[in-house]
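Here is the structure we will look at, set down as structure tokens.
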Amino acid sequence: QVEVAREILDVIKKKTLSEVGFVGYIDEKTNKLIVPTLTDKVWNICNMKDKKLCFDVKNNLFGIAIKRRKPVLSNDVSKDPRAKGTPKGHIKIKRFLGVPSLIKGKAVGILAVANKKEKYSKEDLYTLSEFANVYATIVYHLIKVKETEEYNRMINTLIENARDIIYVIKKDGTIEYINNRVKDYGYKKEDLIGHNAFNFVDIEYAEHVLSAFKRAFKTGKTLDVLKYRLKRKDGTTFDVDQKSEVILENEEPKIVGTIR
């Protein structure tokens, strides 16, 4: 649960260009909001095993989103009557976007981001809503099946059927994993996995993409968005927006990301 929540938080912060955020789920027994992505410190009010932080669901910005089962967007929190302030020492919240994760009309969790430099837009709301739906499914099945094979298959299905291309590339440029979305461009997964990713980049953009790739492995940081063109299997090309990050897997750096 913790790893999944943190992975989703990393993605939604990057996609919405937000400074902070959290991903949490509703504990069925206590109806408290459990937030494994904020801190490793446990509040005294939460005596449940393995919970990182928990809140009562009140009539504040995130609480309203959960209670009313509708998104809450505020681009001026200081003047928003729904905002109830923050605890002492908490980072100042200037802008907020929260979307509940719903299963059969019931809120099972929430995704929230805050403090984007510009105003949150309808596109940001759409992005968060998509991931809220994914997280709702994950939470529901975590409750039901925990660490079973069904859970693993569910995660794989969600990734395989995502709207975006999702990929993992090794430091030498080899495509280690790519989801089934590549079928939209004429490929089978086996056409790509094990091959060099730069073989599929439009030659006009090859140097630009290779430079960004090398810089990412050198600095550990990626561009917010990398725009270029990819080749379809029939040789035609198409524009893409790539968002990615560098990860470490068994101390081996890799790039994981999405292409839309």
Side-chain angles (χ1 to χ4, degrees), residues 1-2 4-27 30-46 51-103 105-136 138-139 221-225 241 243 245 258 260:
Q1 172 70 304
V2 174
V4 172
R6 284 177 176 165
E7 287 174 5
I8 290 177
L9 177 60
D10 287 344
V11 173
I12 62 175
K13 282 171 58 182
K14 198 172 190 73
K15 280 183 172 287
T16 61
L17 304 178
S18 296
E19 180 183 352
V20 293
F22 68 84
V23 172
Y25 63 95
I26 306 298
D27 184 84
T30 65
N31 286 323
K32 292 183 184 292
L33 175 66
I34 311 302
V35 184
T37 58
L38 280 179
T39 176
D40 290 332
K41 184 177 180 181
V42 181
W43 276 17
N44 292 329
I45 60 170
C46 181
K51 308 307 185 200
K52 299 304 180 185
L53 196 64
C54 54
F55 298 90
D56 292 319
V57 179
K58 299 180 178 180
N59 291 321
N60 50 22
L61 291 176
F62 74 80
I64 290 171
I66 294 171
K67 287 184 174 183
R68 296 183 181 177
R69 304 184 299 281
K70 293 182 179 179
V72 169
L73 189 157
S74 178
N75 277 315
D76 192 349
V77 171
S78 64
K79 296 180 181 179
D80 195 321
R82 299 172 297 179
K84 304 301 180 184
T86 54
K88 184 178 180 180
H90 193 284
I91 186 172
K92 184 178 180 181
I93 302 300
K94 300 176 182 178
R95 296 188 177 90
F96 175 87
L97 175 59
V99 178
S101 294
L102 306 177
I103 290 290
K106 179 183 177 181
V108 296
I110 184 172
L111 276 61
V113 290
N115 293 356
K116 180 180 180 179
K117 290 183 179 180
E118 300 176 352
K119 290 183 177 181
Y120 285 111
S121 64
K122 289 183 179 179
E123 183 178 350
D124 294 322
L125 176 57
Y126 178 77
T127 295
L128 221 63
S129 297
E130 277 197 322
F131 280 92
N133 291 335
V134 171
Y135 188 58
I138 292 171
V139 170
K221 297 179 180 179
T222 57
L223 298 174
D224 289 332
V225 180
D241 290 348
K243 296 185 178 183
E245 60 183 282
T258 62
R260 176 176 296 185

Supply the atom-to-atom distance [X] [atom1] to [Y] [atom2], rounded to the nearest 0.5 angstrom.
X: Asp10; Y: Lys15; atom1: CG; atom2: NZ; answer: 13.0 Å
X: Leu125; Y: Thr16; atom1: CG; atom2: OG1; answer: 11.5 Å
X: Lys221; Y: Leu223; atom1: NZ; atom2: CG; answer: 12.0 Å
X: Ser74; Y: Lys119; atom1: OG; atom2: NZ; answer: 10.5 Å
X: Ile93; Y: Asp80; atom1: CD1; atom2: CG; answer: 12.5 Å
X: Leu97; Y: Ser129; atom1: CG; atom2: OG; answer: 7.5 Å

- Quick one: salt bridge (Lys or Arg N to Asp or Glu O under 4.0 Å) partners of Lys243, sequence neighbours excluded?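 Salt bridge (Lys or Arg N to Asp or Glu O under 4.0 Å) check on Lys243 returns nothing, list empty.
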- Message: Can you list everything that forms a salt bridge (Lys or Arg N to Asp or Glu O under 4.0 Å) with Asp224? Sequence neighbours excluded, please.
- Response: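 Listed in chain order: nothing, the list is empty.
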- Query: For Gly105, does its backbone N or O pair with a side-chain atom of Arg69 as donor and acceptor, under 3.5 Å?
  - Reply: yes
- Message: Using a 3.5 Å distance criterion without hydrogens, assess whether the side chain of Asn75 forms a donor-acceptor pair with backbone atoms of Ser121.
- Response: no
- Looking only at side chains, do Ser18 and Tyr120 share a donor and an acceptor under 3.5 Å apart?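 Ser18 vs Tyr120: donor-acceptor pair found between side chains.
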Which pair of non-hydrogen atoms, one from [X] and one from [Y], has the smallest distance, and what is that distance?
X: Lys32; Y: Asp56; answer: NZ-OD1, 2.6 Å
X: Ile64; Y: Arg82; answer: CD1-CB, 3.7 Å
X: Lys67; Y: Val57; answer: CE-O, 3.2 Å
X: Arg95; Y: Lys116; answer: NH1-O, 2.9 Å
X: Pro71; Y: Pro100; answer: N-CD, 3.8 Å
X: Tyr135; Y: Gly24; answer: CE2-O, 3.2 Å

- Phe22 side chain reached by Leu33 side chain, heavy atoms, under 4.5 Å: yes
- Query: Hey, are the side chains of Ile138 and Ile8 touching, using non-hydrogen atoms and a 4.5 Å cut-off?
  - Reply: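 Yes, their side chains come closer than 4.5 Å.
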- Query: Testing Ile110, Leu9, Val4 for side chain to side chain contact (heavy atoms under 4.5 Å, CB included) with Val23, which one passes?
  - Reply: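 By the side chain to side chain contact (heavy atoms under 4.5 Å, CB included) criterion, Val23 pairs with just one of Ile110, Leu9, Val4: Leu9.
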- Query: So Glu130 and Tyr126, side-chain contact (heavy atoms from CB on, under 4.5 Å) or not? Walk me through it.
  - Reply: CA-CA 6 Å; Glu130 277 197 322; Tyr126 178 77; 3.2 Å; yes
- Task: Might you confirm whether atom CZ of Arg260 has over 12 heavy atoms from other residues, nucleotides or ligands at distances under 6.0 Å?
- Result: yes
- Message: Would Lys106 and Ile26 count as a side-chain contact (heavy atoms from CB on, under 4.5 Å) here? Give the steps.
- Response: CA-CA 10 Å; Lys106 179 183 177 181; Ile26 306 298; over 6 Å; no
